[in-house]
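Here is the structure we will look at, set down as structure tokens.
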2 protein chains.
Amino acid sequence: MERNPTTYAILGILAIHPNQSGYEIRKTVQQSVGFFWGESYGQIYPTLKRLAAEGLIVLSAPVDVKEKTRRKEYSITPAGKKRLQAWLAVPFRDDPPRDEFLLKLFFASDAGPGVALEQIRRFQEKNRRMLAMLLELQKLGLARSSHYPGFPYWMLTLSYGVGQLKTAIAWSDMAMAAVKGLEWG
Amino acid sequence: MERNPTTYAILGILAIHPNQSGYEIRKTVQQSVGFFWGESYGQIYPTLKRLAAEGLIVLSAPVDVKEKTRRKEYSITPAGKKRLQAWLAVPFRDDPPRDEFLLKLFFASDAGPGVALEQIRRFQEKNRRMLAMLLELQKLGLARSSHYPGFPYWMLTLSYGVGQLKTAIAWSDMAMAAVKGLEWG
DNA sequence: ACACACATGTAATTGGTTACATGATTTC
DNA sequence: GAAATCATGTAACCAATTACATGTGTGT
């Protein structure tokens, strides 16, 4: 069983919203699952080619062969949907989750409280920005897409993100206070 | 500036606890930062060789050349410490954080509530196990290593993990209830 | 005219896992 | 004497980023 997640990110996006080009797929990824997933063109275009060769997706509009830079729309096939469904049922990979911020914080005594403080500040800022985005998305989602069958699941991932970010922001306040305490003590 | 994080994970571990072999470094990584970082032998051994060639670490005990499978202890050099410190001050990389669980949940309407429910259940189980481990670590840490200069930072990363896991576990209860609602509606 | 968004793709490189190969030491 | 743990390393492969190269369409 193929388990390259890029494959399934693309299939999943095309299952929700067909007739998209590689360019559009990337944008859709950013706008929908961007807070926990990313795809680069270097992954997307070769993967689209491969998926088409495997019959999991098809070109859904005729392409003018003469024009090289023209838009190529893809849609998912029944075979592609089947593959996506099979993958969805497989237990998620409990991969080693690498967090560079935490790694720096863990070793921070080698650099001093000033450095630690600055990293935590940046971390909090990033999380505040992300939280604002997710809350906006939540509002827009409720207004626009509550009729889609995927809607409840989209909202669940959003509420997960909101919860994690709020926890992280509160922790940052506590952590900054703790590190400031080290500067004096 | 080199930014391969494996480099700094190793330097950081050796800064805290010198005279470790590749084998031991891996174990130390698992036991200290394992809940947010991982390293495989395939990364560790070649990296150790490279770091030694660059003078960032040194063999800290004589190695019997005749014996091939003998333990090689490394320690960090002043140059290595400097490199580690420089890296600690660089803003953490805000890399695209990929979460396969959330990706599966996001697309779950293509597979149905049963599949979603099972994934969430597994997610919660995993988080419960992790939380138990972290709470244990917290207790042990307080008893054993509160005198180390890195201790406050270690506790901060732990309390971050505990907070995130508790939030995730509470969310899972909510999410499972929501998905069960979909099965009936 | 210029900038910016649209659009597709490849090549080089990096970073990492996994499987393989080997052997010593300890514990039951 | 078998199994587990200690111990080091390489090779094959996979996934992904980044930089590069090219060109069109739209708006100011």
Side-chain angles (χ1 to χ4, degrees), chain A residues 1-11 19-31 33-34 36-53 57 59-74 87 93-100 103, chain B residues 1-10 19-31 34 36-53 57 59-74 87 93-100 103:
Chain A
M1 202 351 202
E2 148 89 286
R3 54 181 170 162
N4 179 338
T6 295
T7 296
Y8 300 102
I10 290 175
L11 289 179
N19 303 315
Q20 288 187 96
S21 64
Y23 189 83
E24 281 174 321
I25 288 170
R26 186 168 186 241
K27 270 179 85 174
T28 305
V29 165
Q30 284 172 344
Q31 287 163 12
V33 296
F36 63 81
W37 202 266
E39 291 295 348
S40 64
Y41 293 134
Q43 280 288 97
I44 289 176
Y45 287 114
T47 303
L48 284 173
K49 215 178 225 180
R50 204 196 76 221
L51 296 181
I57 61 176
L59 279 166
S60 48
V63 177
D64 194 332
V65 197
K66 286 171 296 183
E67 308 201 67
K68 278 169 191 169
T69 60
R70 268 294 181 283
R71 193 183 145 66
K72 289 185 188 169
E73 284 187 6
Y74 292 93
W87 177 77
R93 287 227 287 170
D94 198 356
D95 38 345
R98 288 172 142 214
D99 188 321
E100 204 181 273
L103 194 64
Chain B
M1 214 319 224
E2 149 88 285
R3 53 180 173 167
N4 178 339
T6 296
T7 296
Y8 301 102
I10 291 176
N19 303 314
Q20 288 187 95
S21 65
Y23 188 84
E24 281 173 322
I25 288 170
R26 183 163 190 247
K27 270 179 86 175
T28 305
V29 165
Q30 283 172 344
Q31 286 163 10
F36 63 81
W37 203 266
E39 293 293 349
S40 63
Y41 292 133
Q43 280 288 97
I44 288 176
Y45 287 116
T47 303
L48 284 172
K49 215 178 226 178
R50 204 196 76 222
L51 296 181
I57 62 176
L59 280 167
S60 49
V63 178
D64 195 332
V65 197
K66 286 172 295 185
E67 308 203 65
K68 278 170 191 169
T69 60
R70 267 293 182 283
R71 192 184 147 65
K72 290 184 188 170
E73 284 187 6
Y74 293 93
W87 177 77
R93 289 226 291 171
D94 197 358
D95 37 343
R98 287 173 140 212
D99 187 321
E100 204 180 274
L103 194 64

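Every heavy atom of this structure was used, including side-chain atoms; hydrogens, water molecules and symmetry mates were not. Throughout, a chain's letter reflects where its sequence line sits, starting with A, and its residues are numbered from 1.
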Rounding to a whole Å, what distance do you find between B:Tyr74:OH and D:dA7:C1'? 12 Å
Residues passing the ring-ring contact (aromatic ring centres under 6.0 Å, His included) test with A:Tyr74, sequence neighbours excluded, are none
May I have the distance from A:Glu39 (atom CD) to D:dT18 (atom C1'), rounded to whole angstrom? 15 Å
Rounded distance (Å) that lies between atom P of D:dA15 and atom CD of B:Glu100: 11 Å
Whole angstrom value for the distance that separates P of C:dT17 from CH2 of B:Trp37: 10 Å
Assert: residue with more 5' nearest nucleotide on DNA chain D, out of A:Glu2 and B:Arg3, is A:Glu2
By side chain to side chain contact (heavy atoms under 4.5 Å, CB included) - contacts of B:Gln43 (at least two apart): B:Thr6, B:Glu39, B:Ser40
Hey, could you give me each pair passing salt bridge (Lys or Arg N to Asp or Glu O under 4.0 Å) that has a residue in residues 41-50 of chain A? Not counting sequence neighbours. A:Glu2-A:Arg50, A:Arg50-A:Glu54
Going by salt bridge (Lys or Arg N to Asp or Glu O under 4.0 Å), name the residues that satisfy it together with B:Asp94, two or more places apart in sequence or in a different chain. A:Lys126
Mind checking what makes salt bridge (Lys or Arg N to Asp or Glu O under 4.0 Å) contact with B:Arg93, not counting sequence neighbours? none
Round to a whole Å and report the spacing from NZ of A:Lys72 to P of D:dT24. 16 Å
Kindly give the atom pairs (protein nitrogen or oxygen, nucleotide nitrogen or oxygen) under 3.5 Å for nucleotides 10-12 of chain C.
unit_1, atom_1, unit_2, atom_2, d
C:dT10, OP1, A:Lys49, NZ, 3.1

From CD1 of B:Ile10 over to P of D:dT8, roughly how many Å is that when rounded to an integer? 12 Å
In whole Å, what is the span from the CD atom of A:Gln43 to the C1' atom of C:dT8? 16 Å
Quick one: ring-ring contact (aromatic ring centres under 6.0 Å, His included) partners of A:Tyr41, sequence neighbours excluded? A:Tyr45
Which ones in residues 19-28 of chain A lie close to DNA chain C, meaning a heavy atom under 4.0 Å from one of its atoms? A:Ser21, A:Gly22, A:Tyr23, A:Lys27
Minimum heavy-atom distance B:Leu103-A:Trp87, with the two atoms named: CD2-CH2, 3.8 Å
Between atom CD of B:Glu100 and atom OH of A:Tyr8, what is the distance when rounded to the nearest 0.5 Å? 10.0 Å
In terms of side-chain heavy atoms of A:Arg70, which of D:dG25, D:dT17, C:dT18 is nearest? D:dG25
Could I get the full list of side chain to side chain contact (heavy atoms under 4.5 Å, CB included) partners for B:Gln20, not counting sequence neighbours? B:Ile13, B:Leu14, B:His17, B:Glu24, B:Ile25, B:Thr28
Rounded to whole Å, please give me the gap between CZ in B:Arg93 and C1' in D:dT17. 8 Å
